[in-house]
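Below you'll find the structure, written out as structure tokens, and then a few comments.
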Number of protein chains: 2
Amino acid sequence: MDGDTITRPTLSDVAARAGCSPSTASLAFSGTGPVSDATREKVLAAAKELHYAGPDPRARSLRRGRSGIVGVVIDDRVSEAFRDPVNIAMLDGVSEAIGEIDAALLLLTAGAGSDKPVSLETAPLDAVVLFGCSTTLERSISMLTQRGIPAVVIEGDAGENVPEIALDNREATRLGAEHLRELGHERVGIVVLPLAPDRARGALTEERAASSAVATATERLAGARDVFPDAAGVVASGSYLDEGLIAGRELLTATPRPTAIIAQSDLLAAGVIRAAEELGLRVPEDLSVVGFDGVRVDGLDYDLTTLVQPSQAKGRAAGEAIVRMLAGEHPSSVTFTSTFHRGATTAPPRVAD
Amino acid sequence: MDGDTITRPTLSDVAARAGCSPSTASLAFSGTGPVSDATREKVLAAAKELHYAGPDPRARSLRRGRSGIVGVVIDDRVSEAFRDPVNIAMLDGVSEAIGEIDAALLLLTAGAGSDKPVSLETAPLDAVVLFGCSTTLERSISMLTQRGIPAVVIEGDAGENVPEIALDNREATRLGAEHLRELGHERVGIVVLPLAPDRARGALTEERAASSAVATATERLAGARDVFPDAAGVVASGSYLDEGLIAGRELLTATPRPTAIIAQSDLLAAGVIRAAEELGLRVPEDLSVVGFDGVRVDGLDYDLTTLVQPSQAKGRAAGEAIVRMLAGEHPSSVTFTSTFHRGATTAPPRVAD
DNA sequence: TAGTTTAGTCGAATCGATTCGATCGAATCG
DNA sequence: CGATTCGATCGAATCGATTCGACTAAACTA
């Protein structure tokens with residue numbers, strides 16, 4: 001009404017109108033320091049009249065040295081990363097933990113395509129959570145430490161001073177594999193998560209296994225190989241049901257056919273089961289399937305035998321580590337353990353095959 | 001090595017070491033303005049020696065008036081909002097569009113719990129996308145306009161100058177309903193998306209329908225009622241398969257049983273189909289089901305008859321609107337249209353029922 | 001050769017708030 | 001009553017970069 005100027009009012013404007021100095025106005029707004037009730041009200045009234053919406057976050061964050069923003073780096077595009085409930089749960093955990101210091105999450109993609117995650121350099125970040133980003137990880141971390149921005153890595157090879165939120169991938173998978181061996185299985189197939197950022201699909205060769213850049217997949221593979229050293233494997237191009245279907249078809253049409261399949265995620269396992277159904281195989285009578293993650297796969301009728309990992313807790317732990325780092329502490333790495341869930345998708349192999 | 005001081009180097013430090021003024025150093029870094037190659041190299045060398053990682057985003061954004069951050073407001077917690085692929089697709093669209101101006105996404109939750117979305121006030125945002133946030137919407141928008149931060153609303157009642165990305169919810173649902181009527185259906189049930197931020201589950205009463213705060217649900221409901229004015233309805237507490245299952249059970253155990261169900265989302269539809277299977281009903285012979293969204297529901301064996309909406313495009317459009325607003329333009333609202341997909345979950349009702 | 005352009009550099013103001021130390025009046029205390 | 005606190009307020013420095021106008025020297029035009 002009273003002359004909308006193009007420029008927004010500043011705290012000084014408010015102070016001028018309230019008849020006090022900017023410093024006092026600042027104190028009145030932030031609640032820090034002693035300010036008389038009369039003055040505070042005058043300032044607030046002036047602010048209302050001028051349609052002043054509170055201090056500019058940019059200026060405030062420059063002065064305070066904090067922006068209240070925590071970055072989350074994923075190396076897919078958004079739609080890919082969030083197809084897996086595990087990632088969503090982790091993100092949720094992070095969000096919850098850092099919400100306690102009123103921070104918000106900045107979603108950053110460090111796609112294989114873009115050479116540098118431009119935003120990592122240019123965003124006003126207080127801290128960063130790296131979601132097991134394979135290749136770009138090293139570069140990202142060195143940049144962050146140079147900037148003095150604390151970082152936490154979830155399942156990835158972190159550097160010296162970077163706390164890591166880890167999972168007992170190898171031991172857990174071994175547990176699942178041993179379960180299969182105890183049931184009597186000998187011919188086992190493995191559906192492997194992507195081993196390289198290019199997400200190439202295809203049979204698992206020694207060469208590919210050796211040059212893997214993704215810790216999670218490698219560790220789970222090692223766990224399976226601990227029990228079944230020469231199990232055949234197929235690498236999927238992502239943790240999706242469709243990929244499990246493709247991989248399952250491939251493994252199940254080989255001769256001799258495996259009697260059990262270890263999938264590195266529940267979504268992959270669900271796909272494998274679908275493939276088995278397609279081929280007229282019954283689960284678990286004709287084929288045992290073990291998954292990983294312990295997520296509810298919508299639409300899967302089976303109670304999946306799997307390794308339940310605490311995804312949300314992992315995210316939460318990452319968030320809490322960040323909160324503590326911002327408070328000046330030096331949290332140490334944490335390793336979470338998965339628990340074996342004996343579902344209805346594993347059984348002894350058929351005697352006469 | 002050479003004395004790690006606690007404070008990070010600033011551009012002035014670099015300039016001092018390079019033997020030039022801060023202004024020149026700034027030019028050398030940003031690439032703006034004429035700088036001799038010799039000077040540029042000196043500056044870059046000095047930066048490297050001092051482990052200077054580039055200008056501080058906080059200071060830069062204060063001066064430039066831009067932070068490169070676009071907020072996305074969802075009114076659930078992260079894990080809820082991203083269970084529906086539609087939301088993920090939209091987010092992906094936004095992310096893609098604003099990626100072109102090298103902006104990143106800040107995830108903000110305006111949960112029903114927190115009185116004020118604290119981050120909306122305190123985050124350095126250039127613009128905001130509001131994901132059809134029911135109640136908090138008005139307050140959020142007024143706060144943003146006061147701040148001078150441009151906003152775009154996806155499926156929600158935006159204010160005067162706020163562009164809206166809309167969908168033909170009513171017309172599309174009517175199309176689906178008419179399809180059912182043409183097949184001969186008369187007793188139709190509706191599974192309704194949450195009508196209020198409290199996400200209360202239960203039978204659809206006129207009262208609840210009238211006091212709805214969520215545009216999408218209301219519009220789709222109206223479309224169904226255009227064709228079947230007195231169809232029974234059940235309100236779900238979210239767009240999840242489980243909720244569809246619960247709602248489906250309720251609708252399908254009523255007498256007389258409906259011969260068709262219109263679900264307001266594909267996930268709900270999948271749940272309804274599951275409920276039908278539980279009750280020994282065949283789809284589409286005993287029950288026709290129409291969904292909405294056109295997402296692939298993992299694990300659903302049916303080719304769902306549904307209304308396919310361009311989720312990703314909607315997000316993209318929102319992102320593009322933001323880009324244009326940041327460029328000083330005034331993009332107008334856009335309404336997207338859904339296309340009817342005749343799948344295999346609808347058929348004429350059984351003659352003798 | 002005088003006059004004009006131009007590339008390169010610099011100084012200083014600016015973005016908008018926060019914060020430390022100083023100040024001043026009033027109230028308290030010995 | 002003089003000295004000491006304490007509460008309220010203000011001034012000025014600061015956060016770290018960007019940017020505009022000014023200035024210098026070299027190159028070019030007539």
Side-chain angles (χ1 to χ4, degrees), chain A residues 5-43 46-47 50-68 121-126 146-149, chain B residues 5-43 46-47 50-68 121-126 146-149:
Chain A
T5 46
I6 301 178
T7 57
R8 303 277 130 200
T10 74
L11 188 53
S12 300
D13 298 337
V14 173
R17 188 175 183 96
C20 68
S21 74
S23 34
T24 305
S26 172
L27 296 183
F29 255 98
S30 65
T32 328
V35 180
S36 73
D37 293 345
T39 314
R40 188 196 321 285
E41 276 170 35
K42 266 197 297 182
V43 171
L50 265 54
H51 300 294
Y52 178 73
D56 184 328
R58 284 177 281 260
R60 169 199 288 261
S61 82
L62 170 59
R63 185 68 242 255
R64 299 241 257 226
R66 285 277 170 86
S67 63
E121 300 177 322
T122 59
L125 300 168
D126 288 349
Q146 200 173 132
R147 266 232 143 77
I149 298 177
Chain B
T5 48
I6 302 178
T7 57
R8 305 277 128 200
T10 72
L11 188 53
S12 300
D13 299 337
V14 174
R17 187 175 183 98
C20 67
S21 73
S23 33
T24 306
S26 172
L27 296 183
F29 255 97
S30 66
T32 329
V35 180
S36 73
D37 292 346
T39 312
R40 188 196 322 284
E41 276 170 34
K42 265 197 298 182
V43 171
L50 263 52
H51 300 295
Y52 177 74
D56 183 328
R58 282 178 281 261
R60 171 200 287 262
S61 80
L62 171 59
R63 186 67 242 251
R64 297 242 261 225
R66 284 278 170 87
S67 62
E121 299 179 322
T122 58
L125 301 168
D126 287 349
Q146 199 172 134
R147 266 231 142 76
I149 299 177

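Order of the sequence lines fixes the chain letters, A, B, ..., with proteins taken first and strands second; residue numbering starts at 1 for each chain.
- Contact annotation for A/S23: base contact, defined as any heavy-atom pair under 4.0 Å involving a base atom.
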Query raised in the report: Yes or no on side-chain contact (heavy atoms from CB on, under 4.5 Å) for B/D56 and B/T10, after CA distance, side-chain angles and deciding distance?
Result: CA-CA 8 Å; B/D56 183 328; B/T10 72; over 6 Å; no
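- You won't find any donor-acceptor pair under 3.5 Å spanning the side chain of B/R60 and the base of D/dT18, going by distance alone.
- Atom CG of A/D56 and atom P of C/dT14 are 17 Å apart (whole Å).
- When base pairs are accepted only as Watson-Crick or G-U wobble with both N-N or N-O distances under 3.5 Å, DNA chain C takes part in stems of 3 or more pairs at C:1-30 with D:1-30.
- B/T10 comes within 4.0 angstrom of sugar-phosphate atoms only, judged by non-hydrogen atoms across all strands, and of no base.
- A donor and an acceptor atom never sit less than 3.5 Å apart when one is taken from the side chain of A/S21 and the other from the base of D/dG11.
- Residues B/P55 and B/R63 form no side-chain contact, since every pair of their non-hydrogen atoms from C-beta on lies 4.5 Å or further apart.
- Counting any heavy atom pair closer than 4.0 Å across all strands shown, B/S61 reaches no nucleic acid atom.
- Nearest nucleotide to the A/S36 side chain, out of D/dA8, C/dT9, D/dT19: D/dA8.
- Of the candidates C/dG11, C/dT18, D/dA17, the closest approach to any side-chain atom of A/R63 belongs to C/dT18.
- Going from atom CG of A/D13 over to atom C1' of C/dC15 covers 13 Å, rounded to whole Å.
- C/dC15 atom P lies 20 Å from atom CG of B/L11, rounded to whole Å.
- As rounded to whole Å, 14 Å separates atom P of D/dA8 from atom CD of A/E41.
- The CG-P distance, from A/L27 to C/dA22, rounds to 17 Å in whole Å.
- Comparing B/A25 and B/L62 by the nucleotide of DNA chain C whose heavy atom lies nearest to each, the residue mapping closer to the 5' end is B/A25.
- By the 4.5 Å heavy-atom criterion applied to side chains, B/L11 and B/F29 are counted as neighbours.
- Backbone-only engagement by A/P55 is indicated by non-hydrogen atom pairs under 4.0 Å involving sugar-phosphate atoms exclusively.
- Atom-to-atom distance recorded for A/R66:CZ and A/R60:CZ is 13.5 Å, nearest 0.5 angstrom.
- Across the protein-nucleic acid pair, B/R66 atom CZ and D/dT18 atom P stand 15 Å apart, rounded to whole Å.
- The distance from atom CD1 of B/I149 to atom CD of B/E121, rounded to the nearest 0.5 Å, is 10.5 Å.
- Of the candidates D/dA17, D/dA8, C/dC10, D/dA17 carries the atom nearest the B/A59 side chain, counting heavy atoms from C-beta on.
- At least one donor-acceptor pair under 3.5 Å links the side chain of B/R147 to the backbone N or O of A/G54.
- One atom, CZ of B/R64, and another, P of C/dT14, lie 20 Å apart when rounded to the nearest Å.
- If you take OH of A/Y52 and P of C/dG16, they are 10 Å apart, rounded to a whole angstrom.
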